[in-house]
Structures are given as structure tokens and as C-alpha cells.
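Below, each value reflects all heavy atoms present in this structure, side chains not excepted, and no hydrogens, waters or symmetry copies. Note on naming: letters A, B, ... go to the chains in the order of the sequence lines (proteins, then strands), and numbering restarts at 1 for each one. Bear in mind the structure is a predicted one, so any value in this text is a computation, not a measurement.
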Amino acid sequence: MDRLAKSYEPQDFEKRIYEFWESGGWFAPASDTGPRFSISIPPPNITGSLHMGHALQYTLHDIVTRWKRMNGYAALWLPGTDHAGIATQMVVERQLHQEKTSRKELGRARFLERVWKWREEYGGRITRQLRSLGSSCDWSRERFTMDPALSHAVRTVFVSLYREGLIYRGEYIVNWCPRCQTALSDLEVIPKDTAGKLYYIKYPVKGSRDYVVVATTRPETMLGDTAVAMHPDDERAAPLKDALVVLPIMGREIPIVEDDFVDREFGTGVVKVTPAHDPNDFEVGRRHSLPAPVVMDGTGKMNENAGEYAGKDRFQARKEIVQRLKKEKLLVKIEDHQHMVGHCQRCDTTVEPTLSKQWFVKMKPLAEPAIAAVRDGRVRLVPENWAKTYFEWLDNIRDWCISRQLWWGHRIPVWYCEDCGNVLCEVADPGRCTCGGSRLQQDEDVLDTWFSSALWPFSTLGWPAQTPDLTRYYPTDLLITAYDIIFFWVARMIMMGLKFTNEVPFREVFLTGLIRDAEGQKMSKSKGNAIEPERLMAEYGADAMRFTLAIQAVAGTDIPLHPGRLKGYRAFANKLWNAARFVMINLPENLDEGITGELTFADRWITSRTNQVAISVNTALAGYRFHEAAETLYHFLWHEFCDWYIELVKPQLIAKEANVSAVVLLRSLRNVLRLLHPFMPFITEELYQKLPHSEPALMLSRYPAAQESEVDLDVIRKMESLQALITAVRNLRSENSIDPARKIDLVLGSPLLQERVFWQSMQSYIATLCRAKALSILEHLPEDKASLRGVAGTTEISIPIVDAGDLEAERTRVERELAKAEDEIALLNRKLDNQDFLSKAPEKVVQEAQQRHRDLVARKEKLEAILRRIT
RNA sequence: GGGCGAUUAACUCAGUGGUAGAGUGCUACUUUCACACGGUAGAAGUCAGAGGUUCGAAUCCUCUAUCGCCCACCA
């Protein structure tokens, strides 16, 4: 066996271990038959680098995958990346800008070449980072949303939905980003509470000196007004019926229409109607057949319909228009006004609602089956309370604008015939029209990135072909993702999965929280508080970072990231390292693991506890309670395996005897490594490789199973009283300032024969852990004043006083303990005197209370005796 | 306007009906031969507040307060 270095240095082996696994080919599912587990990655953007959210999600993916794999499942974690339309196009355009050129200059084909080249150069960054994290995904099945097979799936879905009438093209108000110069879906618009102004403007009534006053937050849109509206029941409307008003600046005469969408209480009760730049106004315009002139171009500048303001930026135009209205005495007042303004998710530019011809998916018919699937439990959300949000959104779903005016993405599979005007929607380029004409123009737009993401669980497995992978690994078992993309992604996958495979794409969805900084703030690049997982892995090791995340991964709950915790779990890794080091140093050479013999108390205890822990960890993982599983293992390794088990066996091991206890030690450590492996794969594998082992890799070995038969409850109970005794003695030593190096004479007194026999059998353990040179066990302790007294359960403890102890401090301590016992006795008395409690509480609870009461009374008496002695 | 969540030790969080938990921090002692990224012992909480249900409530119900998030076309 190699000697281990004295401390844990993750950089020394993480990379090597990952290469060891990968070259072993062990990330691919082990077999084509038998039980299988499958999970597909939420594909990160190729432009991205690993952030803490990824680190959390992928850690959990890996924990589940490794756990399932070690439980004998053919486990597939399918990795891949997303082409991320807008984000990627922006990055490459920025690059072009630096080269003093632009995508328009390059043209579509050459631009796309550039993006592919960019992807080749930089797109692998995130998958490299995924490897540093230890992700055991099957790289042979890695997919990219723009792979030919996945594009084929996208086109197949598009054509099918189009032919069914679920995809249509039309002119509606869409969210337009003037910077990205594309339409956005509602979800890609971030409403932000903004301090704006409400402008009150006079619109003169034609042929009268009267005017109506309208209130607006966006005066520049007035150039596109084609009416003003009032509520039909508004008495102020009656005299104005059939009147026309003169639109200031433009001089256009526009009607006054009655529409009950108008809120009589807000502003002046009169609304300007701009059908081409406001979704409400668009509806009003339709109802009243109003013209809808668009007054801005795609870059946010006023266009030729804006008269003299043409060519001016929308915000500049706003200023100038307000100035002019002021000058013309048409501006009544300006009020401060807080309201929600939509911003582009990608670039934060104020979104402009604009009338535009786009492609849409009709969502209602897709949403209904998706609602049903969650309602009847075919898809289970963890935690379940997110179902309400999910239903809420789907119940009120609106059609999805899927066309984007970008070049990077899946181009819409629609061709227009320049000869006959025919529209052809085909999976492959039809080449010529049904009219015989060959002058076909493909639609210029590409699809929303999320359109291809929605197909991810099945498109990655080969759909629409009925591939063996699709048959075996679909539906997937689990989806792990953050709650903030339930609408973007989770809901849409469920809709598309049901529509095209008649199956839910996954049976369970574990929703993680978001990672926050130590102050609880959301991490973001712009705030500058983002922490890079790569940095943390370099500083603390991938395992420590994984453990930090896992132990805080409560479903749906945000995680504040504290450096202190990372330090703590690095120390935990170091503890494990040194526990293994201890075993290696003390293990006899060439130990025969087949050796038999009688197990010691310590052997039986650690075996029982390991099995109990295996049961709880398996149960916790089965319920996705990662934090609970990690917590259990943390406590078990540190505070049981190291603090007690190793301490108990130390004296035996000095002898380096090749006995059965040495085998138990080795096996227990290996089981601890197995239990911890899904959480801390690198260090556990590294240690496993250095210990005698039979399997080629820890990752391939069997996860410790739940074996009730191996759990000896009697031994566990006995250990608890041994621990209580040892702690009580240590307490006496510590409180009375007995030199830690001094070996004491320890006297125990118990009226119970059984107990005396037990202490006798524990003699050597007690002597070592209490630092006692002599141990006497009596029925009753003699009345002598020259000793310190303590209590553990029904046993009294006595240590002869050598130096004069601090009696005053001792008295205070005993008094405090006595008071504590008395308080609890009083509480229990009330309970046990209560007839209702005795008759209605379960028998077990009553019995426990009675037992506790007896124990406390005995303890109280002993403490009182001690107090009498030292007073 | 609707919905969801949080409020537990100094800090960060677990804990969903039966004796209040963890990590960090804190205090004292301790470089003893796996580990000072260590060891031993200890102090520390009216479980936001008020009512209710129950033999019993941090946990279930109602209300209140504070904070956070999501959804929503009041110009």
C-alpha cells in the first residue's frame, strides 16, 4: 500500500481519477438489458461557462446517477449543449465588431460559418468544466441542439404542428428588442418596476374649442394613434359621441370610440389608441377596425410614419415631442408614475411592443394534456407546491411567438413560392413548388432556442426514429433543474413529449433552488457577486464544493454560499483522508480477508451503525433528500467512525495483528467510501484505489444496501451508555481541571449487576478513552470526601481528588444539572398526571415518558447526594 | 391585483404532531504516535406575534407583522 500524504490535496489526483474513469468506459450504461435509469442534462449554453447553478444541478445529477449505477442500474446520464440562439449570436457579433466588420457585411452563410467555428473553439469549455466537477455522463452520447439529427427532429415537429394548424403565422403585437432586433416571447421579457412619467395631453375636438385629455407613459407612440377611447358608460363620453379629435403634431383626425376595456378611474378616463404599439390598443383597433400604422423601425428609431421625427431615437423623440406639446400648450401636466416596463432578458434594453408578422404556436391544445399529466401524477414535482404555479401558468397560457429574426438557430422549414405565392412547409427543402416553379424562398427567421430545448428528452435519443436508445431510455426517470425555468423549459417539454411520444418525458422533476451569495443576493455577473465554481474547485477541491452544495440542496430552497462552509467540507475531506491514512498505516501486511474469529464490541457496533446509515442514506436519496443523506454521512464519518470507532480500536491495532477486527476495519472504511462516493467521487475513488480492493473501481462497486439483519440494536444501545459514561468522566476531568495527561483511578458504582458486568467487559475501552490507569467497579461508592462525583445513567462515577479541585465551580455545575433535571421532571409530572394523556396518547409514548421520568428521578437523587457531599 | 415561500442558537440553515438539531462562530483546556483542515469539554433558542384545534404544536388551522420571489395589458 502506498503511504498517503499527510493532508488532502485534491489537485494531486482529481484529473487523473477522471481520466481513469473515462478511459475505463464506465460512464456508459453497463448493459442493454435489466433495470435502467436515465436522466438528461439541462443543456448548458455553448457560450456559457459553468456557474454555481450548474454546479449545483450537475452535482445532484451525478449523485443520483452514481448512486443508481452502484445499485445495479444501467445508468445513463446524457450530456449535451444548447446552441443558445441570441446569446451565441451576440457573442460572435461582438467579436466581428472588434474586427471592424458585422454579420450583415459577412452575409448569412459566412456568418454561420463563423459561429460554427466559434463553437469549435470555445464551445467545449463548459463540457471540460463538467468533467472537472466529476460528472459521470456518457460522453459517447453527447448531443448538441444543432446536430443534424436534432435539427431533423425540430423540423419534423414544426411541420407536424403546422399541418395540424397548431403553428400559424400572423400579424400581432409582439415584444420587440430594438437592440437584438428580434421578436421575443413573453417569457423573455423581464418586467421591471420603473420610475416613469405620466403625461397628460390635450387632444382638441374637431370643430370645437373643447378637447379631451389623454394620459400616456409613452408620448412618442401618439404619432401612431388612430383613435381615442372612452368607456361606453362614462357620462363624459355621451356628448362626444361621433366627434373626431385632431391628433396633435400629426394633425390627423381620429375618432372617439367606446370600449369597455377603458378604466374610468385611471388618468382622465380617456385613452389614446395606438394599435401598432400596444397590445390592448391592438385589440381595441381590431374591434373598431382602426388602421394600425407602425411608427418605429426595428432599431427603435422613429420611421417614415412618424413625420418629422423620422430617424430619431424613440427616447429622443419622446423628449422632443413633450417639448413641442409644452410649447403648443397641449401638455396639461406631468406626473411621476411607477409602472412595469418590459426589458430584454438578454441585453436589458427596453422592449418595444410592435405589430409584426411572426410565427406562433397555439398553446391551449398542448397545455391541456400537460396539465392532466401533473394532475394525475404521471409527472411528479418535487417539491409538490410548484404544481400550483405550473397549473396557474398553463391555465392562462398564451400563444408562443417562436420566430426570431436571427441567423443562428433552426431555420423555419417554410418556403414561399415566388411564382404562385404558395407556402410550403416541409421537413426537407422541397426544391420546387407544386405549381412547378423552382423559385422558392425559405423563411428568413429561425426558431426560439427553447423550441428545440422542448424536444430535448427525446430528440437526443434519436426521435423521430424508433432507435434502441429511445426504446430503452425514454421516458427518462428524472429531471433536475432550477425552479426558474419551469415555464421556459419544464412545461414545454411535458407538452411536446406528450404530443409527439404520447409519453411524459420524465416521471419526476426535482426543482433546485437558486444559489445566492453570502448576503442572500442573487448572483449575477452585472452585480459582480458571481462566484465561479472553477475557482472554488481549485481552492477547495471538486469534492468539497460538491458536498457543500449537496448538503444544502433542499428541494426548491435557495442556497446562500458561504466560504466558511466550503472550508468546513474541505476539512471533512481531509478528515476522511486521514481516517484512511490511519487505516493504511495500521493495517497488517497481506491481510487475509477470509480470516474468521470473534467480533469485538467495537466491530459489532460499527457494523451495525454502517448498516443503519446505509438504510437512512438510501431512503433519503430515494426521496431526493440530498441534504439529509449528506448530513447523515458527515456525522457518521466524523463523529462516529473517527471519534469513536477508530478511538476504540486504536489500542488493538498497535499490535498489527491480522485478526478479524482488522478485516472489519478495512471493510468498514470501504463501505464508508462507497456510501460517500456519489457525493465525493474523487477522493473516495483515490482512497479506494490505494486500499486493497477487488473491483476495478469504486464507482463500479455495489452501494451498501439496507440490511436490517446486520443491525444489532442491543449493541447500539450499549454503545450509547458507554459513550455517556466516557463523556461524563471526561466532563469531570475537564470541569475540575485535571491535567489531560494525568491517568486517573476511576471508580464506578452501580446497584445493577448487569451493568457492573457490562462495565467490566468494557474495561479496556473505558481505560483508554478516560485515561484511567485503574478501574474499580462497585455496588455502592464509599462515602469519602476526597473524590469527585458524577452520574451517567444509573451509574455513579468517582475520581479521587489529587489536587484540590475548585469546589465552588463544581457546586455550581451540579446545581445547574440538578435544576435541569428538576425542570424536566416537573414537565413530565404534569404529563403523567394528565388522565387524557394516559388514555389518549399511544402506549409507546406513555411508556417512554414513564421510563424517562424514572431515569430522571434516579439522576436527581444522585445529584442531590453529590451536592450534600460537597457542601 | 393574484399566487408562492420565509421568519428556529451570534451567523447560515435542517427539522411537518411526542424530550428543540447541525455546521460555522464563541469559551476553556490541549501540539498525545491518522488528522491543529485535529482532540476534549462547555455556554448558547419564549421556534416572528396573537388566537384556535389536540392529551400533546416549531410542526395543523385562522389572523397579524416583516422580508423575499413569481405571475398579471390599468394607459
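- Note that the CZ atom of A/R546 and the CD1 atom of A/I551 stand 14.0 Å from one another [nearest 0.5 Å].
- Side-chain contact between A/T481 and A/W489 is present, with at least one heavy-atom pair separated by less than 4.5 Å.
- B/G1: Watson-Crick or G-U partner is B/C71, with both key distances under 3.5 Å.
- A side-chain N or O of A/E188 and one of A/S185 form a donor-acceptor pair less than 3.5 Å apart.
- Comparing the same atom, P, in B/C69 and in B/C13 gives a spacing of 15 Å after rounding to whole Å.
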Protein and nucleotides 10-12 of chain B: nitrogen or oxygen contacts under 3.5 angstrom:
none

In B/S/- notation (B base, S sugar-phosphate only, - none; protein heavy atoms under 4.0 Å), nucleotides 35-47 of chain B written 5' to 3' is BSBSSSSS-----
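- For an aromatic pair to be called close, the ring centres must be under 6.0 Å apart, and A/Y634 with A/Y569 satisfies this.
- Judged by the 6.0 Å and 45° rule, A/R398 forms no cation-pi pair with A/W393.
- A/E647 is linked by a side-chain hydrogen bond (donor to acceptor under 3.5 Å, both in side chains) to A/K650, counting only residues two or more places apart in sequence or in another chain.
- Remark on RNA chain B: of its neighbouring residues A/I559 and A/D739, the 5'-side contact belongs to A/I559, judged by nearest-heavy-atom nucleotide.
- A 3.5 Å limit on both hydrogen-bonding distances identifies no Watson-Crick or G-U partner for B/C47.
- At whole-Å resolution of the value, CD in A/E631 and P in B/G23 are 7 Å apart.
- Base-pair partner of B/G17: not found among the strands shown (Watson-Crick or G-U wobble, both distances under 3.5 Å).
- From A/K690, atom NZ reaches atom CE of A/M584 across 7.0 Å, with rounding to the nearest 0.5 Å.
- Taking atom P in both B/U12 and B/C4, one finds a spacing of 26 Å when rounded to whole Å.
- The salt bridge (charged side-chain N to carboxylate O under 4.0 Å, His left out) search around A/E822 returns none, not counting sequence neighbours.
- Contact annotation for A/I173: no contact, since no heavy-atom pair falls under 4.0 Å across all strands.
- Of the residues in residues 388-397 of chain A, those lying under 4.0 Å from RNA chain B by heavy-atom distance are A/K388.
- Look at the C1' atom in both B/C33 and B/G38: the space between them is 14 Å, to the nearest Å.
- For residues 547-558 of chain A, the side chain to side chain donor-acceptor pair (under 3.5 Å) pairs, not counting sequence neighbours, are A/Y483-A/D558, A/R516-A/D558, A/Q552-A/R565.
- Spacing between atom CZ of A/F582 and atom C1' of B/U32 amounts to 13 Å, rounded to whole angstrom units.
- Between the side chains of A/E335 and A/Y200, at least one donor N or O sits under 3.5 Å from an acceptor N or O.
- With sequence neighbours left out, the salt bridge (charged side-chain N to carboxylate O under 4.0 Å, His left out) criterion links A/D517 to no other residue.
- We find that OH of A/Y483 is positioned 15 Å from C1' of B/G3, with the value rounded to whole Å.
- The distance from atom CG of A/D260 to atom CG of A/D233, rounded to the nearest 0.5 Å, is 8.0 Å.
- Here the separation of B/A34 from B/C67, taken at their C1' atoms, is 47 Å to the nearest Å.
- We find that CH2 of A/W386 is positioned 9 Å from P of B/C70, with the value rounded to whole Å.
- Looking at heavy-atom distances under 4.0 Å, A/T557 makes contact with sugar-phosphate atoms alone, never a base.
- Going from atom CG of A/L856 over to atom P of B/U19 covers 13 Å, rounded to whole Å.
- With both pairing distances under 3.5 Å, B/U7 is matched to B/A65 as a Watson-Crick or G-U wobble pair.
- Remark: A/R859 engages A/E817 in a salt bridge, criterion side-chain N to carboxylate O under 4.0 Å.
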Restricting to nitrogen or oxygen on both sides, can you table the protein-nucleotides 53-59 of chain B pairs closer than 3.5 Å?
| residue | atom | partner | partner atom | Å |
| --- | --- | --- | --- | --- |
| B/C55 | OP1 | A/K840 | NZ | 2.5 |
| B/C55 | O2' | A/N834 | ND2 | 3.0 |

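- Atom pair A/L633:CG and B/A22:P shows a separation of 17 Å (rounding to whole Å applied).
- Residues that satisfy the side-chain hydrogen bond (donor to acceptor under 3.5 Å, both in side chains) test with A/R852, not counting sequence neighbours, are A/E824.
- Atom CG in A/L827 sits about 12 Å away from atom C1' in B/G18, given to the nearest Å.
- Relative orientation of the A/W577 and A/Y8 rings is tilted, given thresholds of 30° and 60° on the angle between their planes.
- Applying the side-chain hydrogen bond (donor to acceptor under 3.5 Å, both in side chains) test to A/R318 and every residue at least two apart in sequence or in another chain returns A/E220.
- Electrostatic pairing of A/E352 and A/R218 counts as a salt bridge here, judged by a charged N lying under 4.0 Å from a carboxylate O.
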Scan nucleotides 73-75 of chain B against the protein and return all N/O pairs shorter than 3.5 Å with their distances rounded to 0.1 Å.
| residue | atom | partner | partner atom | Å |
| --- | --- | --- | --- | --- |
| B/C73 | OP1 | A/R398 | NH1 | 2.6 |
| B/C73 | O2' | A/N280 | ND2 | 3.2 |
| B/C73 | O2 | A/N280 | OD1 | 2.3 |
| B/C73 | O2 | A/N280 | ND2 | 2.3 |
| B/C73 | N3 | A/N280 | OD1 | 3.1 |
| B/C74 | O2 | A/D263 | OD2 | 2.4 |
| B/C74 | N3 | A/D263 | OD2 | 2.9 |
| B/A75 | O2' | A/A215 | O | 3.1 |
| B/A75 | N6 | A/D263 | O | 2.5 |
| B/A75 | N6 | A/F266 | O | 3.1 |
| B/A75 | N1 | A/D263 | N | 3.1 |

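- Ranking B/C71, B/G5, B/A34 by closeness to the A/N385 side chain, first place goes to B/G5.
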Using distance only, find each side-chain donor-acceptor pair of residues 271-286 of chain A under 3.5 Å and give its atom names and separation, not counting sequence neighbours.
| residue | atom | partner | partner atom | Å |
| --- | --- | --- | --- | --- |
| A/K272 | NZ | A/T221 | OG1 | 2.7 |
| A/K272 | NZ | A/D225 | OD1 | 3.1 |
| A/K272 | NZ | A/T274 | OG1 | 2.9 |
| A/T274 | OG1 | A/D225 | OD1 | 2.6 |
| A/H277 | ND1 | A/P353 | O | 3.3 |
| A/H277 | NE2 | A/V295 | N | 3.0 |
| A/D278 | OD1 | A/N280 | N | 2.8 |
| A/D278 | OD1 | A/D281 | N | 3.0 |
| A/D281 | OD2 | A/T274 | N | 2.7 |

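- The P atoms of B/G18 and B/A58 are separated by 10 Å, rounded to the nearest whole Å.
- Look at the P atom in both B/U59 and B/G42: the space between them is 30 Å, to the nearest Å.
- Rounding to whole angstrom units, CG of residue A/L687 and C1' of B/A34 are separated by 12 Å.
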